[in-house]
Amino acid sequence: MTMEPNHRILFEPLKIGPKTTKNRFYQVPHCNGMGHRWPRTMAEMRGVKAEGGWGVVCTEECSIHPTSDLTPATLMRLWDDSDLPVHRLMVDKVHEHSALAGIQLVHNGQSVSNYLSRMPSIAPSPAPNETSNSTQARGMDKDDIKTLRRWFREAALRSREAGYDIVYVYAAHGIMTLLYQFLLKRFNHRTDEYGGSLENRVRLVREVLEDTKDAVGHDCAVAFRFAVDELMGEDGMHSAEAEDIVGSLAELPDLWDVNVADWGNDSLPSRFGNEGSQEDYVRFVKNLTTKPVVGVGRFTSPDTMVSQIKRGVLDLVGAARPSIADPFLPTKIEEGRSHEIRECIGCNMCTTGDYVAYPMRCTQNPTMGEEWRKGWHPERIPAATSENTVLVVGGGPAGLEAALALSNRGYPVTLAEAGEKLGGRVIRETALAPLRQWNRVADYRVNLLSTRANVSTFTQSAMTAQSVMELGHAHVAIATGSHWRTDFVGIHHRFAPEQLHSPMIVTPETIMAGKTPIGPVLIFDDDHYYLGSALAEQLAGNGVDVVLVTPAAEVAGWTHFTLEYEHIQVRLRELGVEIICNHGIAAVGDGFVDLACVFTEKTQRKDVATVVPVTSRISDDSLYHDLLAQKDAWSDHGIKSVNRIGDCYAPGTIAMAVYGGHEFARTLEAPVDPASLFRRENDFEAHKRWPEFPS
Ligand code: ADP
Ligand code: SF4
């Protein structure tokens with residue numbers, strides 16, 4: 001296959017200061033939960049993206065000094081020369097594939113508590129730390145500003161020494177960066193030449209840009225990452241101020257990397273916005289500078305990318321999430337295989353890596369984060385080691401991914417699904433309007449499977465132990481999923497409440513199947529992720545009165561980590577959903593629910609017609625157990641193994657199901673030594689004292 005002619009513009013080189021990128025695919029800085037703690041994991045992940053064709057591959061934010069200590073988050077550091085080996089590791093991996101390596105230097109000012117360094121944090125003006133642990137950031141004096149400039153200069157010089165091609169000055173993402181804190185009136189209350197007028201608030205940014213250019217500008221491109229709008233009107237950065245800032249600094253950086261703030265608006269979840277959602281905010285930038293401009297917008301469609309460039313919105317197509325979901329996106333476009341792009345679904349499972357401080361994972365790309373640890377490559381998989389056939393029962397995310405990866409290995413695969421359509425829970429959940437774009441999990445796999453000669457797919461084929469035995473495939477993967485409990489058992493209720501009037505109880509599956517229950521509806525959310533609020537949103541959107549009850553102190557608490565939290569809170573309130581926190585279920589009666597305060601057990605009654613428990617799930621594993629009961633007869637039918645995967649094995653996220661399906665396929669007839677399930681990096685601290693160490 002060859003590239004579509006109109007996509008050629010995406011492969012034109014572009015000069016960025018003293019450097020030239022080979023194409024327009026630019027992996028902007030993004031967190032990954034690996035950073036300095038798991039450097040080989042991080043470096044291999046970046047290297048795979050370079051291999052996949054990204055012309056520029058950047059680090060995540062990289063702290064320049066222990067007064068900007070992001071502990072417990074796991075990000076990059078460049079505090080002194082001892083950090084250089086980690087950076088060289090990444091730079092070398094990126095350069096191996098002739099991509100440019102960029103580093104996003106940061107001081108986080110008042111947004112960090114410096115748990116590791118125990119140093120007071122610093123801010124334009126005295127302010128509480130964002131972590132609210134009763135510590136405050138110290139207001140900086142003029143000497144502090146001079147010192148900060150020196151730290152930035154030293155970090156830029158070290159970046160050059162590590163081999164980076166692009167060095168960032170970073171003032172974006174709201175409260176997260178000290179330079180942005182200086183720009184913003186609500187954080188900068190200074191009365192000297194660094195505060196007050198816009199010119200004064202910009203002064204430090206200008207100085208750091210000048211210092212960085214002076215330090216490394218002959219050898220490295222200097223990028224300025226700037227959030228042009230915080231979407232909070234005149235209380236924050238807004239278009240008028242942003243235009244003045246871009247106008248006044250226009251030609252100073254070699255590259256403008258522009259976005260909106262805060263992170264939840266920048267990495268906007270698909271539940272709240274579509275591809276290209278930042279265009280209206282950032283398009284003015286190119287009118288005010290001759291320097292190249294990069295921006296993001298969860299771009300996965302090459303036609304949209306081309307349009308951004310042709311219409312003069314951007315020069316470079318920035319991507320964090322699309323490069324995570326498909327590190328080979330550029331290569332696929334170049335080779336005319338755009339239909340094979342594994343499109344990001346905008347779920348933001350990836351951002352949880354940063355918040356929870358573990359190596360990032362991706363719903364769509366099960367190899368993300370496993371490139372070094374397990375040697376998993378997103379586009380290569382070991383060939384089948386036999387001609388054995390495999391039966392996959394269940395066409396949800398686990399079954400679909402297993403079938404696809406097995407087919408990639410060359411195994412003959414039969415996929416049997418009881419329902420009319422493939423997709424399992426993805427089909428069910430994406431029937432809810434808020435989750436619609438997640439259908440890409442199923443679409444991507446179903447489309448590719450339909451092209452495979454070694455895959456036979458059967459829908460409306462509910463399998464029994466007998467039919468599995470009769471088919472007699474050598475290996476059987478049971479991916480039959482799970483269902484939501486109706487007895488309220490979950491994290492809060494370890495036993496079912498004594499009084500449960502069952503005619504009132506409706507399952508989440510019923511609503512996902514398109515039934516609108518009689519209102520008022522009480523949803524009890526002890527799951528704390530997206531489903532409870534998505535059901536509430538769907539029903540309230542259809543005009544049903546909804547009460548959303550949770551035993552937690554807040555609704556959908558886990559969505560803090562996916563950046564959906566604030567958007568969800570706004571949406572629920574806009575829709576008039578009544579929210580009751582800190583309450584469990586005392587009783588479900590005929591036409592009412594008694595709620596009990598989790599602290600005092602004091603009850604309150606809600607008169608409702610329907611109750612929907614979203615608490616926990618039960619695996620649909622009866623087929624597995626039926627087969628297990630006949631294990632002695634397996635060999636008579638040629639069956640060698642039967643395994644559960646996905647929610648059937650352990651109910652979890654869609655990401656876990658995809659991962660489980662992939663892992664099954666990768667390891668089939670290639671057993672992994674349980675003692676070395678994945679490579680660890682325990683030796684790294686010792687090795688990094690020497691410049692040469694094994695990678
Ligand atoms: P997972 O997330 O693990 O992929 P899902 O619940 O999304 O699980 O998908 C499970 C799929 O398995 C559903 O589409 C369901 O219809 C199907 N299924 C369940 N039992 C059987 C069976 N006995 N035979 C064939 N398909 C089944
Ligand atoms: Fe996209 Fe979700 Fe993967 Fe993140 S985790 S890259 S949002 S598909």
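All ligand and atom numbering here is 1-based and tracks the order in the structure. The figures here come from the full heavy-atom set of this structure, side chains too, leaving out hydrogens, waters and symmetry mates.
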Can you list the ligand 1 atoms lying under 4.0 Å from a non-hydrogen atom of [X]?
X	value
G396	4 (O), 7 (O), 9 (O), 11 (C)
G481	5 (P), 6 (O), 8 (O), 10 (C)
R428	6 (O)
G646	3 (O)
A416	25 (C), 26 (N)
P397	1 (P), 2 (O), 4 (O), 7 (O)
A418	25 (C), 26 (N), 27 (C)
S461	24 (N), 25 (C)

Give me the residue, atom name and distance of the protein heavy atom closest to [atom].
atom	answer
atom 10 (C) of ligand 1	A479 O, 3.2 Å
atom 21 (C) of ligand 1	T480 CG2, 3.4 Å
atom 12 (O) of ligand 1	G394 CA, 3.2 Å
atom 7 (O) of ligand 1	R425 N, 2.7 Å
atom 8 (S) of ligand 2	I345 N, 3.3 Å
atom 1 (Fe) of ligand 2	C344 SG, 2.4 Å
atom 23 (N) of ligand 1	M463 O, 3.0 Å
atom 3 (Fe) of ligand 2	C362 SG, 2.3 Å
atom 17 (C) of ligand 1	E417 OE1, 3.2 Å
atom 2 (O) of ligand 1	D647 OD2, 2.8 Å

(message) Between S338 and H7, is there a side-chain heavy-atom distance shorter than 4.5 Å?
(response)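 When only atoms from C-beta onward are counted, S338 and H7 do touch, with a gap below 4.5 Å.
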(request) Answer whether the closest heavy-atom distance between the side chains of E343 and D326 falls below 4.5 Å. (result) no
(message) Quick check on atom 2 (Fe) of ligand 2: does C347 put an N/O/S atom closer than 2.8 Å to it?
(response)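 Yes, within the cut-off.
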(message) Check for me whether V393 has a heavy atom closer than 4.0 Å to any atom of ligand 1.
(response)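 For ligand 1, residue contact (heavy atoms, under 4.0 Å) with V393 is present.
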(request) Using a 4.0 Å heavy-atom threshold (strictly under), name the region of A398 that reaches ligand 1: side chain, backbone, both or neither. (result) both
[X]-[Y] side chain donor-acceptor pair, cut-off 3.5 Å:
X	Y	answer
T304	S307	no
Y444	R342	yes
H475	E669	yes
D266	Q278	yes
T562	T559	no
S270	Q437	no

With heavy atoms of [X] as the reference, note each atom of ligand 2 found under 4.0 Å away.
X	value
T363	3 (Fe), 5 (S)
N348	2 (Fe), 7 (S)
I324	6 (S)
R321	6 (S), 7 (S)

(request) Please confirm whether Y411 and H473 have ring centers closer than 6.0 angstrom. (result)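 No, they do not, as the ring centres are separated by 6.0 Å or more.
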(request) Determine whether the aromatic ring centres of W376 and F678 lie less than 6.0 Å apart. (result) no
(message) Using 0.5 Å steps for rounding, measure from the CG atom of L406 to the CG atom of N388.
(response) 11.5 Å
(request) Measure from atom 4 (Fe) of ligand 2 to every heavy atom in C350, S267, G346 and give the option owning the shortest one. (result) C350
Is the closest basic N to carboxylate O distance between [X] and [Y] below 4.0 Å?
X	Y	result
E371	K49	no
E401	R666	no
R271	E537	yes

(request) Evaluate the ring planes of W54 and F25, with Trp represented by its six-membered ring, and classify them as parallel (under 30°), tilted (30 to 60°) or perpendicular (over 60°). (result)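 Plane angle over 60°, so perpendicular.
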